[in-house]
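Numbers restart at 1 for each chain; the letters A, B, ... are given by sequence-line order, proteins then strands. Computed from heavy atoms alone, side chains included, the values below leave out hydrogens, waters and symmetry copies. Please read all numbers here as calculations on a predicted model, not as lab measurements.
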Amino acid sequence: MTTTYREAVRAALRDALTRDDRVFLMGEDVGRYGGCFAVSLGLLEEFGPDRVRDAPLSESAFVGAGIGAALGGMRPIVEVMTVNFSLLALDQIVNNAATLLHMSGGQFNVPLVVRMTTGAGRQLAAQHSHSFEGWYAHVPGIRVVAPATLEDARGMLWTALCDPDPVLVFEHGSLYNIEGELADDAGAVDIDRAAVRRPGRDLTVVAYGGTLGKALAAADQLTADGIDAEVVDLRTLRPLDTATIVGSVTRTHRAVVVDEGWRTGSLAAEVSARITEEAFYDLDAPVGRVCSAEVPMPYARHLEEAALPQVADIVAAAKELGG
Amino acid sequence: MTTTYREAVRAALRDALTRDDRVFLMGEDVGRYGGCFAVSLGLLEEFGPDRVRDAPLSESAFVGAGIGAALGGMRPIVEVMTVNFSLLALDQIVNNAATLLHMSGGQFNVPLVVRMTTGAGRQLAAQHSHSFEGWYAHVPGIRVVAPATLEDARGMLWTALCDPDPVLVFEHGSLYNIEGELADDAGAVDIDRAAVRRPGRDLTVVAYGGTLGKALAAADQLTADGIDAEVVDLRTLRPLDTATIVGSVTRTHRAVVVDEGWRTGSLAAEVSARITEEAFYDLDAPVGRVCSAEVPMPYARHLEEAALPQVADIVAAAKELGG
Amino acid sequence: MTVERAEGLHLLREMLRIRRFEERCVELYSATEIRGFLHLYIGEEAVAVGVMGALAPEDAVVATYRDHGHALARGVPAEAIMAEMLGKVEGTSRGRGGSMHLFDRSSRFYGGNAIVGGGIPLAAGLALADAMQGRRQVTACFFGEGAVAEGEFHETMNLAALWHLPVLFCCENNLYAMGTALARSEAVTDLAMRATGYGVPAWPVDGMDVLAVADAARRAVVQVRDGGGPVFLELRTYRFRAHSMYDPERYRSKDEVELWRRRDPIALLTERLRADGALGDDDLAAMEDEVAAELDAAVAGARAGTLEPVEDLTRFVTSEVTT
Amino acid sequence: MTVERAEGLHLLREMLRIRRFEERCVELYSATEIRGFLHLYIGEEAVAVGVMGALAPEDAVVATYRDHGHALARGVPAEAIMAEMLGKVEGTSRGRGGSMHLFDRSSRFYGGNAIVGGGIPLAAGLALADAMQGRRQVTACFFGEGAVAEGEFHETMNLAALWHLPVLFCCENNLYAMGTALARSEAVTDLAMRATGYGVPAWPVDGMDVLAVADAARRAVVQVRDGGGPVFLELRTYRFRAHSMYDPERYRSKDEVELWRRRDPIALLTERLRADGALGDDDLAAMEDEVAAELDAAVAGARAGTLEPVEDLTRFVTSEVTT
Ligand SMILES: Cc1ncc(C[n+]2csc(CCOP(=O)(O)OP(=O)(O)O)c2C)c(N)n1
Ligand SMILES: Cc1ncc(C[n+]2csc(CCOP(=O)(O)OP(=O)(O)O)c2C)c(N)n1
Ligand SMILES: [Mg+2]
Ligand SMILES: [Mg+2]
């Protein structure tokens, strides 16, 4: 059937709420408002205010309550409107969700799922355009995933709920309206492996979430220059599927990593470092990075576009590597 | 004179409070308690409770108040006891301190200094042993420094206070007791450049803060194997002095980056990526990383020691690069 | 209470300026000349106009993302605000902030903060700076009732009360935080009572009656300026339109909105002035014409503004001159 | 209030176990067998003992870094706690948590949290899970008075009251947060009154009188268990020793400490039982002997414990079995 990313996430939520009565959705305006991006529209009417639970503006309390509820046997899906606001709950995620299992010597696992929107591109300026998923990918004890396709939007949630440990799901705000075909029986997908979204011989472009589409578009343009690019979608940002990434680079001998985060200290830096560590002697050129400019996101459209990684930047970076 | 790192920081604080009456120190237990690591001991008696200001356990409020006070013409030095607790104030640092200048089109700069202790090594376990300075180094709009020597402990603070923009100072908890000679007229030092702490021909070891000592010890041991290692102290984590790092590596052709942060997404990843980007054709081997194991810090001494980068790990990584 | 004609007409004109300004914004948003999030102040004009009238030029103001009304009432030129929303260099923040981030140094207008509760600690810091420097100035801090659930509100209320800081807390209680009704966000919905729990004098005010707001604000400002410590005003108001430009409004009934529209602050004051014989039809017509002329010029001027050159993208990340 | 002999002796024995246990810790810390931070409960025994007596086995407990007393009173074996502090596999957290992170699944003891206020949201979540699953269980959440200044306290108090969660908030008001006296941390020092501001029934209790604590806790637990929503107890107590193992104690006078020592909870109950003729010299001696024997065995057992193999360093970062 034809569907949107938004509908795919909603279908995944409905499915989870239907299948397991330990599952509930909690967050700001997930209920009566229908979700700030209309993702959970209709779920309150369907499952009631107990399981589709509007929370006050208390990010650290309701994320922490999600951790506690997970400890208490529930399977909470906590929605933090955007990654920007998740900084207010970071202490709970880092110091509790990620560490309780280890600090308790294996006694207390935290089967929690936290969903949040990430990324820029809608002229929301400096406080609403961050991409901090790379920070979360730094933290042992949590799994981080970034669905970039309809299949993953539909299928990653259930797998995340089956994980005994915390899983953070990052949905790029620019994806909700993308439309496409989704099999009627689409269901759970793995959250372990990266995926080759486009096979190619000459160059590997690594991307995820909101930048996958740009990477694929760049790959298409590169054919005009006789460059056959392979596009790898990370899918899971922690733990990184190094094998798939390195496997691709050992075939193509060149790599460009695309990341909407600021360049310095980006997730792209980690991917670049790993490729160099594991495929140094297979590389014909240094690993390239296409990231956001190091500036708080400006509101003005032309400045925001200039600050973000664009298809042209990926194409240029790819050509720079020659080959 | 002989002095300790702790005394050097205290001397810098006293100096700043004496020279500029816009300067004040604010944080938890900086006054009556004398600082949780006894750094500010005696300053309350000397400068009074207004300028050595004990704050309630409200990290986000008093860090935010520091930002506001800086906007209001003061020169606050805010002490956050440890980087672990700074997560509770991260929203203020990222969304206000780092962005106000840009969001206001250049109208409002924030001359704020935030000091915090970082690092592990004292068996304080999973919630008190983080090294998140790499996260802060990801954020445009703030400068991040890590004094590793007595000179820098004494001299970086004043330079930071002269900076019109926010500066974060990370003091590794294991350094406070180190003792050494400091010139009686020691004063302000630059906070722009990395420093070659030990010249060498065969290999570059990049370190900072708490790991500098281990890097130097490793360099000494390596001489026994006929390896002459150069040790670079980053000093300033943002902006990174890429020129000094790359300059060293182009001479030595090999590099190992040491970082107490967890390996994935570490600052070491950024340094590694930059070296590869700018010196790829000068490298005889892939850049090595020696970081912390990806585990919430365990309490037990033998496990903590195994989790942290040790001299032996640096030596081993260096030898692996051959040469 | 009697109203002096000149003041009455001034208050009416200021509210009218905001109302008509917001209506222009709607047009420009539909024409996609304004982008991003756009939060209108329609219905709440009496709050900003009443409070600003009680402030002195040297006082400071901290607002939220719903900040057009505050900026206009504080005297920020309509053209500069409009230019900001069109992303022009002539805008209050050179087009880098947009609707949610208006700033103005000359009137000590510190923004425009899009993190709910994020501006509150800044206000405490601005007040601390005034207190430490012996300036008899007041910092007015605006925030919505939804922010009361945030930890930053709590920490700052306590800090301001504890340190006796000259802050005027202006809580705009419009009964909803996006789609979340006050009763679903606060266990105790008497917000003035909540504030007194911190030892902060607080009283509720009819936020639809600009004369009542002006009177309450005057009394509060005197108290704060005279060293009485912080004061909290609960300004009971209502937003006539969607939270942002579009929202389903499934969270409140048409009747409820209708009921509140009958207490339109502009209509209320108009009646009042008419009854007093202080306002005639032609006075009103003339006022509308003056406002229309001002806004025509503002829009035209903003449209004629220039775009920041893309080469300047990374300006204002750090200061260009040392202060 | 009359005290039944058996109960009186039980309470006395439990307090004595904690007191003597802590004294052993001091010895082992001086002998450097225990490392890291060590926060003693000496002086506050009546609080944990009185509250735990009112809980049922299926109830849950959340504590702080000052958690030995809570764990012992909850029934966690002294040997497992001691083994934890010696970093042994036989410890409550296999030696990975240490003194600040005691956990015990069998008694639903959820730690042992070293972030001030960090455990409070967890308690709300545990209570939410009980409520959603229809279990008539109570979650007791312990925290110091210093935590009241934290945003996480505020957010959780409101959430628990708003959602009517079965949480028993136990505020251990020992008058100091490290070196910060309550009056320097809170504008309103009547903490029970503060709690009622959230619509949470609250009352102050003499935390040095274990019978008063037990009585108050019993009444509070009944109310919470019967669906009355959260209750807040302000337990007025005092810490006889330094905040952690060493601290200059420049923040309070010897006289003040002396005054409080006269209200030693163990001495108070001993007098009381003697007066009632319920306790004779030999009863007390016998009790001391039993406790000494228990602790001798605990220390010996802990010393005989084993160390986690270093190869297992990264175990318990993620779950080993799917739950
Ligand atoms: C910390 C944070 N959480 C969530 C949001 C998303 N958000 C923007 S405005 C808003 C509602 C705020 O309501 P209120 O404080 O009452 O102000 P109002 O919009 O009614 O003027 C929310 C939830 C945000 N901007 N910041
Ligand atoms: C968020 C946070 N800030 C600071 C600290 C450092 N610290 C540890 S205990 C403590 C004092 C806490 O006092 P209180 O809550 O009264 O508990 P008490 O130690 O008196 O039992 C402080 C400041 C911390 N652990 N966490
Ligand atoms: Mg509101
Ligand atoms: Mg205390």
K.L.:
Identify which of A:Ile275, A:Val257, A:Val94, A:Val271 forms the greatest number of heavy-atom pairs closer than 4.5 Å to chain B.
P.N.:
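Ranked by contacts with chain B, first place is A:Val94.
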
K.L.:
Between B:Gly141, B:Ala126, B:Ala285, who has the most heavy-atom pairs with chain A when the cutoff is under 4.5 Å?
P.N.:
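Looking at each of B:Gly141, B:Ala126, B:Ala285 in turn, B:Ala285 comes out on top.
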
K.L.:
Tell me every residue that passes side chain to side chain contact (heavy atoms under 4.5 Å, CB included) with B:Ala70, counting only those two or more places apart in sequence or in another chain.
P.N.:
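For B:Ala70, the residues satisfying side chain to side chain contact (heavy atoms under 4.5 Å, CB included) (neighbours in sequence not counted) are B:Pro76, B:Val110, B:Pro111, B:Leu112.
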
K.L.:
Between B:Ala125 and chain A, with a heavy-atom cut-off of 4.5 Å, which part of the residue counts as in contact: side chain, backbone, both or neither?
P.N.:
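It is neither, since no heavy atom gets under 4.5 Å.
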
K.L.:
Please name the pair of heavy atoms, one in B:Pro140 and one in A:Pro296, separated by the smallest distance, quoted to 0.1 Å.
P.N.:
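Closest pair (atom of B:Pro140, atom of A:Pro296, distance): CB-CD, 4.3 Å.
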
K.L.:
Give, as side chain, backbone, both or neither, the part of B:Leu267 having an atom under 4.5 angstrom from any heavy atom of chain A.
P.N.:
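It is neither, since no heavy atom gets under 4.5 Å.
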
K.L.:
Just so I know, are the side chains of A:Phe280 and B:Leu283 near enough to count as touching, which here means a heavy-atom distance under 4.5 Å?
P.N.:
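In short, these two side chains touch, coming nearer than 4.5 Å.
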
K.L.:
Among all residues two or more places apart in sequence or in another chain, which pass the side chain to side chain contact (heavy atoms under 4.5 Å, CB included) test with B:Ala307?
P.N.:
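B:Ala307 satisfies side chain to side chain contact (heavy atoms under 4.5 Å, CB included) with B:Ala293, B:Val295, B:Met297, B:Pro298, D:Leu313 once adjacent residues are dropped.
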
K.L.:
Only pairs under 3.5 Å, no angle test: what donor-acceptor pairs are there between chain A and chain B?
P.N.:
unit_1: A:Asn95; atom_1: O; unit_2: B:Gln127; atom_2: NE2; d: 2.8
unit_1: A:Asn96; atom_1: OD1; unit_2: B:Gln127; atom_2: NE2; d: 3.4
unit_1: A:His102; atom_1: ND1; unit_2: B:Pro296; atom_2: O; d: 3.4
unit_1: A:Gln127; atom_1: NE2; unit_2: B:Asn95; atom_2: O; d: 2.8
unit_1: A:Gln127; atom_1: NE2; unit_2: B:Asn96; atom_2: OD1; d: 3.4
unit_1: A:His138; atom_1: ND1; unit_2: B:Thr264; atom_2: O; d: 2.5
unit_1: A:Arg238; atom_1: NH1; unit_2: B:Glu294; atom_2: OE1; d: 3.1
unit_1: A:Arg238; atom_1: NH2; unit_2: B:Glu294; atom_2: OE1; d: 2.6
unit_1: A:Arg263; atom_1: NH2; unit_2: B:Glu277; atom_2: OE1; d: 3.2
unit_1: A:Arg263; atom_1: NH2; unit_2: B:Glu277; atom_2: OE2; d: 3.2
unit_1: A:Thr264; atom_1: O; unit_2: B:His138; atom_2: ND1; d: 2.5
unit_1: A:Thr264; atom_1: OG1; unit_2: B:Arg274; atom_2: NH2; d: 2.7
unit_1: A:Gly265; atom_1: N; unit_2: B:Glu270; atom_2: OE1; d: 2.8
unit_1: A:Glu270; atom_1: OE1; unit_2: B:Gly265; atom_2: N; d: 2.7
unit_1: A:Glu270; atom_1: OE1; unit_2: B:Arg289; atom_2: NH1; d: 2.8
unit_1: A:Glu270; atom_1: OE2; unit_2: B:Arg289; atom_2: NH2; d: 3.0
unit_1: A:Arg274; atom_1: NH2; unit_2: B:Thr264; atom_2: OG1; d: 2.7
unit_1: A:Glu277; atom_1: OE1; unit_2: B:Arg263; atom_2: NH2; d: 3.2
unit_1: A:Glu277; atom_1: OE1; unit_2: B:Arg289; atom_2: NH2; d: 3.3
unit_1: A:Glu277; atom_1: OE2; unit_2: B:Arg263; atom_2: NH2; d: 3.2
unit_1: A:Glu277; atom_1: OE2; unit_2: B:Arg289; atom_2: NE; d: 2.6
unit_1: A:Glu277; atom_1: OE2; unit_2: B:Arg289; atom_2: NH2; d: 3.3
unit_1: A:Arg289; atom_1: NE; unit_2: B:Glu277; atom_2: OE2; d: 2.6
unit_1: A:Arg289; atom_1: NH1; unit_2: B:Glu270; atom_2: OE1; d: 2.8
unit_1: A:Arg289; atom_1: NH2; unit_2: B:Glu270; atom_2: OE2; d: 3.0
unit_1: A:Arg289; atom_1: NH2; unit_2: B:Glu277; atom_2: OE1; d: 3.3
unit_1: A:Arg289; atom_1: NH2; unit_2: B:Glu277; atom_2: OE2; d: 3.3
unit_1: A:Glu294; atom_1: OE1; unit_2: B:Arg238; atom_2: NH1; d: 3.1
unit_1: A:Glu294; atom_1: OE1; unit_2: B:Arg238; atom_2: NH2; d: 2.6
unit_1: A:Pro296; atom_1: O; unit_2: B:His102; atom_2: ND1; d: 3.4

